[in-house]
Visitor: 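The following block contains the structure, expressed as structure tokens.
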Amino acid sequence: MGGGVVVLAGGTGGAKLARGMLDVAGDELTVIANTADDIEIYGAYVSPDPDLVLFWLADVIDDRGWGLRDDTFAVMDGLRGLGVDVWFALGDRDLAIGIERARRLADGARLTDAIADLAASLGVRARVLPMSDDPVRTWVQCRAHWTPFQEFMIRGGAAEPIQNTRLRGVENARPTPEILAAIASASAIVIGPSNPVISIGPILSVPMMRQALLDSPAPIVAVSPIVGGAVLKGPTAAFLRWAGHEAADGAAIAACYDGLIDGLVADEEVEGLPVLQTDTLMTDAASRRRLAAETLRFAEGLAA
Ligand code: GDP
């Protein structure tokens with residue numbers, strides 16, 4: 001197939017698939033990453049999902065699943081020593097990335113450019129694009145109280161019952177020219193196995209994004225984040241329930257993307273659309289590459 005491969009990603013699941021896709025598509029890969037989890041803290045601008053994707057693509061992700069491998073935490077220790085409530089931990093070099101990004105943004109740079117700078121400094125040649133340069137923030141309502149996503153997730157451990165969610169700023173957000181160009185020229189569009197409600201949902205909620213995806217001649221397939229009938233990490237099941245899906249299964253994932261996707265990759269049978277049934281667990285480089293390659297071949301077949 002000519003043209004590029006576009007992957008929509010949140011954190012872990014989407015990032016791991018993107019790493020596999022890098023092996024398969026090389027520099028032709030463009031990742032569109034969720035920025036509704038972004039947070040400004042310690043004077044830094046932290047963009048967790050684009051950063052996680054970049055750390056994976058550069059092979060510098062730490063085994064703990066976030067942050068840079070072998071990073072130190074002297075600043076966080078220092079803040080604690082000053083009596084600061086350090087509920088959002090950042091490694092020292094991770095903090096440096098966020099501080100430099102905050103400076104770039106304060107100087108008037110676009111988030112797209114600030115993230116491209118980080119890609120360049122990590123030696124990543126595939127593109128990682130924030131879903132918008134405009135600020136969008138997920139807020140979660142629990143027990144009648146609204147909290148920013150990271151406070152719900154990290155400070156609260158995603159333990160509170162979810163009553164509602166809101167994407168602040170989304171109505172004024174727009175996809176960037178880079179995103180529209182990548183989507184229009186894509187040969188395949190893959191929705192990564194990320195939380196469909198809270199990671200992929202914000203990307204699809206940016207006005208014009210969904211239409212741009214539908215207008216693209218490229219086939220659109222999603223990879224299910226449900227593995228062996230369960231969610232591997234994070235509050236995917238709770239958010240699916242909030243969105244009205246009783247069970248966290250392939251059918252719920254297909255329903256989330258109804259009207260958008262041409263096919264689903266899952267490790268279970270799902271009715272009502274073309275499904276590639278295969279092992280979707282990504283435990284190492286070989287399994288990431290295999291899933292990426294199978295997903296691309298599946299998309300290719302749907303385009304024919
Ligand atoms: P977060 O921002 O790190 O919580 O990440 P995401 O939204 O990207 O990912 C959370 C989802 O990724 C969960 O539903 C997991 O089940 C899914 N996930 C994590 N690892 C894998 C994997 O190896 N394969 C698949 N198919 N899904 C995965």
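The figures here come from the full heavy-atom set of this structure, side chains too, leaving out hydrogens, waters and symmetry mates. Counting starts at 1 for both ligands and their atoms, in listed order.
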Visitor: Determine the interplanar angle of the F73 and W66 rings, folded into 0 to 90°, and report it as parallel if under 30°, tilted if 30 to 60°, perpendicular if over 60°.
Guide: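 Aromatic pair F73/W66 classed perpendicular.
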Visitor: Side chains of M131 and L8, heavy atoms from C-beta outward: is any pair under 4.5 Å?
Guide: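 In short, these two side chains do not touch, never coming nearer than 4.5 Å.
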Visitor: Can you tell me which residue pairs pass the salt bridge (Lys or Arg N to Asp or Glu O under 4.0 Å) test with a partner in residues 151-169, sequence neighbours excluded?
Guide: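 Qualifying pairs, neighbours excluded: D85-R155, R143-E160, E151-R155.
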Visitor: Rounded at 0.5 Å granularity, tell me how far OG1 in T147 sits from CE in M153.
Guide: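 It is 12.0 Å, given to the nearest 0.5 Å.
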Visitor: Applying salt bridge (Lys or Arg N to Asp or Glu O under 4.0 Å), which residue pairs with at least one partner in residues 230-249 are found, sequence neighbours left out?
Guide: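 Every candidate salt bridge (Lys or Arg N to Asp or Glu O under 4.0 Å) pair involving residues 230-249 fails, so no pair, neighbours aside, qualifies.
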Visitor: For E100, give me all partners under side chain to side chain donor-acceptor pair (under 3.5 Å), at least two apart in sequence or on another chain.
Guide: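 By the side chain to side chain donor-acceptor pair (under 3.5 Å) rule, E100 matches R103.
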Visitor: Contact residues of ligand 1 with a heavy-atom cut-off of under 4.0 Å?
Guide: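 Those residues closer than 4.0 Å to ligand 1 by some heavy atom are G10, G11, T12, G13, G14, K16, D49, P193, S194, N195, S199, S224, P225, V227, V231, L232, K233, T236, T280, L281, M282.
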